[in-house]
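Chain identifiers are assigned alphabetically (A, B, ...) following the order of the sequence lines, protein sequences preceding nucleic acid strands; residue numbering begins at 1 within each chain.
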Number of protein chains: 2
Amino acid sequence: MTLSRALPNPQSSMTSATQTAYTAIQRMIVTGLFPPGQKLKIETLKDRLQVGASPIREALSLLTSDQLVERIDQRGFRSAPVSLENFDEILRLRCALEDMALRQAIARSCPEWEEALVLAHHRLTRADAADDTVFEALHKAFHMALLDNSASPILLRYCSQLYDLNVRYRYLAGRSLNYGRRDVGREHREILEAAVAGDANAASARLLAHYQKTGAFLRDSGLVPVTPDE
Amino acid sequence: MTLSRALPNPQSSMTSATQTAYTAIQRMIVTGLFPPGQKLKIETLKDRLQVGASPIREALSLLTSDQLVERIDQRGFRSAPVSLENFDEILRLRCALEDMALRQAIARSCPEWEEALVLAHHRLTRADAADDTVFEALHKAFHMALLDNSASPILLRYCSQLYDLNVRYRYLAGRSLNYGRRDVGREHREILEAAVAGDANAASARLLAHYQKTGAFLRDSGLVPVTPDE
DNA sequence: CACCTAATAAAAAACGATTTTATTGTTATG
DNA sequence: CATAACAATAAAATCGTTTTTTATTAGGTG
């Protein structure tokens, strides 16, 4: 047990500064703390996150690939713009790709996967809806668990990216409307049941309906509000 | 006309070092110069490409998102591994996504697109098959032109990524077999004709057959040969 | 003789400083 | 008075160096 260095870096052990920056900035953009089009100055982020310029830059590069950040030639980075077209494309792609992944997952169904699925769903139902951060994490965990068995890493990566892009629109539309009239819990349960039962058509239909319902919700209630330049 | 600075940096004006590094490394991996699993040392690349460590690092981060580079925790970067499963997934996804994009493109068909398509095809037929670099560029240009009209930037990005991943396997299998028995030129022409005619079913069927034929070719002739550790 | 441990070497990651590029505000000029 | 050139400022991009981590090798011990 080496007892060298007392407390050199702020972020806990075994986490790179790049990882820290990536996670932090990703969250700030997804949750709308950095609104669309917002200039992301290196120095500001540097001070805010207490890391050097290199990790910030690297994190921003990665987020560019995730479509959450836009890089402009020699003019730095900014939070990616939003638009109705973009929202629609994300919804369309998500439906197509998750349909694919879910069917593959069900086709390869096995006890381990079913158990993981049930577990993820249980945790979601137990989640405290008030605690935003953990609820969102568990919600994503459940949806990704549905697809995990597809054995298609690239496809899963795309689904994960699109999921996050969609969550961003949810935040932009305001946190309120999600927990309104709809019985989202029931929708999740019915998707789970179809998936575990091995009924690919039903599971896929329910999943897509789930997404499209949310999509319609967002479209109605003032999407793409203010788009400040700075 | 400012006549300050004689010749400070190697890369021509108006091109960032990051861009230079990204393009160079991407080519080296796709063409197989860096075999799968190859360690990509920052310092080596730094010396080779004549740029600092930061741009290299940034380029490698971007290539990680493109699935061409693998980042290992605190152990640096390496050229992404290859496998039969990976190859099959790329082929499957490519077929699904390009089918989608092509149908969208044809549904939105317009004279400008048709003209751009004919042009891209013409250039491909005129290309010197001996000059690898330009031929590959024109080949990709034609295939992307087919999809360009889909008005789905995210989908196009995915298709472009998957295209490059597939080209990598072509190079790994050896440049020889591509120009063997098959009449690839005819296949391209027939895809073009169906697309311009607005026949989505025929165009898609021909495009997918084109890809699957290439896929079978590669699968047969010794895919995934040596995978050196360094 | 094999295995564990400590010292050394190598590489990755991060930082701070420097250079280059864009932007803004000001002044001169048509 | 408007426009264009210039200067000053701010930020991005890049570089060289330092720090931290991992890999390697030599030495000691059961």
Participant: Ile56(B) CD1 to dA13(D) C1': how many Å, rounded?
Facilitator: 14 Å

Participant: Just the rounded figure in Å: distance from C1' of dA12(C) to CD of Gln19(A).
Facilitator: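 Taking CD of Gln19(A) and C1' of dA12(C), I get 15 Å after rounding.
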
Participant: So for atom CZ, which belongs to Arg157(B), do other residues, nucleotides or ligands contribute more than 12 heavy atoms lying within a distance under 6.0 Å?
Facilitator: yes

Participant: Any N/O pairs under 3.5 Å between the protein and nucleotides 7-11 of chain C? List them or say none.
Facilitator:
residue: dA11(C); atom: OP1; partner: Lys41(B); partner atom: NZ; Å: 3.0

Participant: Take the protein atom CD of Glu58(A) and the nucleotide atom P of dA12(D), then report the distance between them rounded to whole Å.
Facilitator: 17 Å

Participant: What is the distance from CD of Gln74(A) to C1' of dA12(D), rounded to the nearest Å?
Facilitator: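 My rounded result for the distance is 7 Å.
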
Participant: Quick check with a 6.0 Å cut-off and a 45 degree axis cone: is Arg219(B) positioned over the face of Phe87(B)'s six-membered ring?
Facilitator: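 No - Arg219(B) does not lie over the ring of Phe87(B) by the 6.0 Å and 45° rule.
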
Participant: Counting only side-chain N and O atoms of Thr18(B), is one of them less than 4.0 Å from OP1 or OP2 of dA13(D)?
Facilitator: no

Participant: To the nearest angstrom, how far is Phe77(B) atom CZ from dT22(D) atom P?
Facilitator: 15 Å

Participant: Detail all sub-3.5 Å separations between protein N/O atoms and N/O atoms belonging to nucleotides 16-18 of chain D.
Facilitator:
none

Participant: Can you tell me which residue among Ile42(B), Leu45(B), Ile56(B) is in a side-chain contact (heavy atoms from CB on, under 4.5 Å) with Phe77(B)?
Facilitator: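 Answer after filtering Ile42(B), Leu45(B), Ile56(B): Ile42(B).
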
Participant: dA11(D) C1' sits how many Å from Leu60(A) CG, rounded?
Facilitator: 14 Å

Participant: Hey, which of Asn166(B), Val167(B), Leu165(B) is the one that makes side-chain contact (heavy atoms from CB on, under 4.5 Å) with Tyr163(B)?
Facilitator: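 Output: one option passes, namely Val167(B).
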
Participant: Could you check how far CZ of Arg57(A) sits from P of dA12(D), rounded to whole Å?
Facilitator: 8 Å

Participant: If I take atom CZ in residue Arg78(A) and atom P in nucleotide dA12(D), what distance separates them, rounded to the nearest angstrom?
Facilitator: 10 Å

Participant: Counting heavy atoms not belonging to Gln212(A), are there more than 12 under 6.0 Å from its CD?
Facilitator: yes

Participant: Decide yes or no for Pro36(A) and Leu172(A): does some side-chain heavy atom of the first lie under 4.5 Å from some side-chain heavy atom of the second?
Facilitator: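 They are in side-chain contact.
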
